[in-house]
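Read through the structure below, which is laid out as structure tokens, and then see the notes.
None of the values given here were measured: they were computed from a predicted structure.
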Amino acid sequence: MNIRHIGVIGAGTMGNGIAQVCAVAGLQVTMVDINEAALQRGVATIGKSLDRLVQKEKMSEADKASALKRVATAVGNQALKDCDFVVEAATENLELKLRILRELDGLMRADAVIATNTSSISISQIAAVLQNPARCIGVHFFNPVPVMELVELIRGLQTSDETHAAAVALVQAIGKTPITVKNSPGFVVNRILCPMINEAIFVLQEGLASAEDIDAGMRLGCNHPIGPLGLADLVGLDTMLAVMNVFYRDFGDSKYRPAPLLREMVDAGRLGRKSGRGFYQY
């Protein structure tokens with residue numbers, strides 16, 4: 001499959017990051033969201049990210065301008081009907097994702113790939129709403145997308161070899177490294193990472209150490225580039241809670257129980273960097 005035109009649903013942190021790396025790689029991108037304000041914020045974020053690359057002399061001003069020209073925006077999914085490959089990067093909400101995929105199924109041509117950037121929801125369940133579920137695959141990027149090299153490719157029970165091959169080709173074309181995993185809650189990376197972060201929150205909740213010392217311990221003792229609580233703030237505590245709730249529900253194992261402090265902080269609106277306060281102030 002010759003992939004030239006990429007659709008991205010969602011202009012938020014993940015969506016604009018995916019749009020950026022695709023545009024920089026020379027692909028035509030159409031980024032959609034529910035309103036013009038969200039799209040303007042997404043394009044502005046891409047512009048600032050490219051500015052940093054120019055300042056670091058990793059990109060020229062001409063290349064930056066060319067990349068930005070390759071990002072078209074639109075309100076609503078109708079603009080995606082001619083795309084070769086669409087990545088849904090909406091909020092981690094099953095009903096929302098199912099509604100989006102049903103709409104895409106009626107818009108896009110039969111040979112186009114429909115991918116989801118979910119970090120925990122079953123690909124087999126998402127694919128089941130499509131008339132041809134074989135064209136659905138999980139394409140899980142990591143935040144921040146322009147920096148992180150890994151992309152998890154998650155095959156649902158229905159995902160065809162052709163769809164998987166198209167996803168591998170796209171990921172490699174944009175300079176990322178794919179790993180292929182089976183469909184299971186949290187897949188591979190988040191299956192390991194999120195319970196570790198949740199345990200760090202339990203440690204903080206029990207008063208064993210301060211947030212700063214917990215993070216310093218993991219950075220200096222385990223060589224992690226960022227501590228688990230700082231990482232939770234970066235990911236978003238609401239996203240962390242959503243993932244842990246999926247684990248707890250789908251595995252039925254108490255070891256995945258979300259920390260009560262995590263629930264309380266989400267209830268209080270302390271979601272991390274995006275709200276200005278989480279385990280740290282921003």
Side-chain angles (χ1 to χ4, degrees), residues 1 3 5-19 22 27-35 38-39 42 72-142 145 151-171 178 180-187 190 239 242-243 245-246 249-250:
M1 182 180 181
I3 301 172
H5 189 182
I6 304 297
V8 180
I9 299 176
T13 300
M14 298 305 295
N16 67 59
I18 295 167
C22 290
L27 299 169
Q28 182 62 41
V29 179
T30 299
M31 182 171 65
V32 305
D33 212 312
I34 58 174
N35 58 55
L39 291 168
T73 62
V75 174
N77 295 335
Q78 188 67 34
L80 303 175
K81 63 180 181 179
D82 296 324
C83 290
D84 304 310
F85 196 114
V86 168
V87 181
E88 170 274 313
T91 304
E92 193 75 351
N93 177 284
L94 176 60
E95 291 307 317
L96 174 61
K97 291 180 181 296
L98 295 181
R99 184 166 72 248
I100 290 171
L101 262 68
R102 289 189 186 99
E103 184 176 348
L104 289 176
D105 203 25
L107 284 176
M108 298 176 64
R109 64 177 192 269
D111 65 334
V113 173
I114 298 177
T116 175
N117 185 55
T118 180
S119 57
S120 62
I121 300 172
S122 168
I123 304 304
S124 298
Q125 183 177 11
I126 291 174
V129 303
L130 302 178
Q131 292 186 9
N132 177 20
R135 66 167 167 165
C136 184
I137 190 168
V139 180
H140 181 211
F141 289 82
F142 289 79
V145 176
V151 179
E152 278 185 311
L153 299 181
I154 305 98
R155 297 189 65 152
L157 192 62
Q158 314 96 316
T159 304
S160 69
D161 290 341
E162 293 77 11
T163 297
H164 176 254
V168 169
L170 172 63
V171 171
T180 300
V181 306
K182 293 181 179 179
N183 185 56
S184 179
F187 318 128
N190 279 343
T239 300
V243 172
N245 279 332
V246 169
R249 182 196 68 213
D250 291 358

Problem set entry | From OG1 (T30) to NZ (K81), nearest 0.5 Å | 12.0 Å
Exercise. Hey, does the side chain of S184 reach the backbone of F187 with a donor-acceptor pair shorter than 3.5 angstrom?
Worked result: no
For this session: First locate atom CD1 of I3, then atom CG of L170, and finally report the distance between them rounded to the nearest 0.5 Å.
Result: 5.0 Å
Seminar exercise, completed: Between A74 and L39, the two heavy atoms sitting closest are O-CD1, 3.3 Å
Exercise. Which heavy atom of G76 sits nearest a heavy atom of V32, and at what distance?
Worked result: O-CG1, 3.4 Å
For this session: Could you tell me whether the side chain of L27 reaches within less than 4.5 Å of the side chain of F85, counting heavy atoms only?
Result: no
Exercise. So which pairs with a foot in residues 124-138 pass salt bridge (charged side-chain N to carboxylate O under 4.0 Å, His left out), sequence neighbours left out?
Worked result: D105-R135
Problem set entry | Interatomic spacing from CG in L157 to OG in S124 - rounded to 0.5 Å | 5.0 Å
Exercise. What residues form a side-chain hydrogen bond (donor to acceptor under 3.5 Å, both in side chains) with T159, not counting sequence neighbours?
Worked result: none
Seminar exercise, completed: Residues at least two apart in sequence or cross-chain that pass side-chain hydrogen bond (donor to acceptor under 3.5 Å, both in side chains) with T239, listed by chain then number, are none
Problem set entry | Test item: I137 and H164 side chains (from C-beta on) under 4.5 Å apart, heavy atoms | yes
Exercise. What distance do T163 atom OG1 and L153 atom CG have between them, rounded to the nearest 0.5 Å?
Worked result: 11.5 Å
Seminar exercise, completed: So the salt bridge (charged side-chain N to carboxylate O under 4.0 Å, His left out) pairs with at least one residue in residues 108-117 (sequence neighbours excluded) are D84-R109, R109-D111
Problem set entry | Partners meeting side chain to side chain contact (heavy atoms under 4.5 Å, CB included) with L96 (sequence neighbours left out) | A90, T91, N93, R99, I100
For residues 7-19, which side-chain donor-acceptor pairs fall under 3.5 Å, sequence neighbours excluded?
from: N16; atom 1: ND2; to: A11; atom 2: O; distance (Å): 3.1
from: N16; atom 1: ND2; to: G12; atom 2: O; distance (Å): 2.7

Problem set entry | Reported OG-to-CG distance for the pair S122 and L94, which is rounded to 0.5 angstrom | 9.0 Å
Exercise. Do you know the tightest heavy-atom contact between I123 and G156?
Worked result: CG2-N, 3.8 Å
Exercise. Residues in side-chain hydrogen bond (donor to acceptor under 3.5 Å, both in side chains) with T73, at least two apart?
Worked result: none
For this session: Please collect all ring-ring contact (aromatic ring centres under 6.0 Å, His included) contacts where either partner lies in residues 94-140, sequence neighbours excluded, each pair once.
Result: H140-F142
For this session: List in chain and number order the residues that pass side-chain hydrogen bond (donor to acceptor under 3.5 Å, both in side chains) with D161, two or more places apart in sequence or in another chain; answer none if no residue qualifies.
Result: R155
For this session: Could you pull out all residues at least two apart from E92 that satisfy salt bridge (Lys or Arg N to Asp or Glu O under 4.0 Å)?
Result: K97
Exercise. I114 versus L130: any side-chain heavy-atom pair under 4.5 Å?
Worked result: yes
Problem set entry | Exam field: side chain N190 to backbone S119, donor-acceptor pair closer than 3.5 Å | yes
Problem set entry | Min side-chain heavy-atom separation I6-V86 under 4.5 Å | no
Problem set entry | Pairwise side-chain contact, L107 with L80, heavy-atom cut-off 4.5 Å (strictly under) | no
Problem set entry | Residues in side chain to side chain contact (heavy atoms under 4.5 Å, CB included) contact with V129, at least two apart in sequence or another chain | L98, L101, R102
For this session: Check side chain to side chain contact (heavy atoms under 4.5 Å, CB included) between P133 and all other residues, then give those that pass, not counting sequence neighbours.
Result: A127, Q158
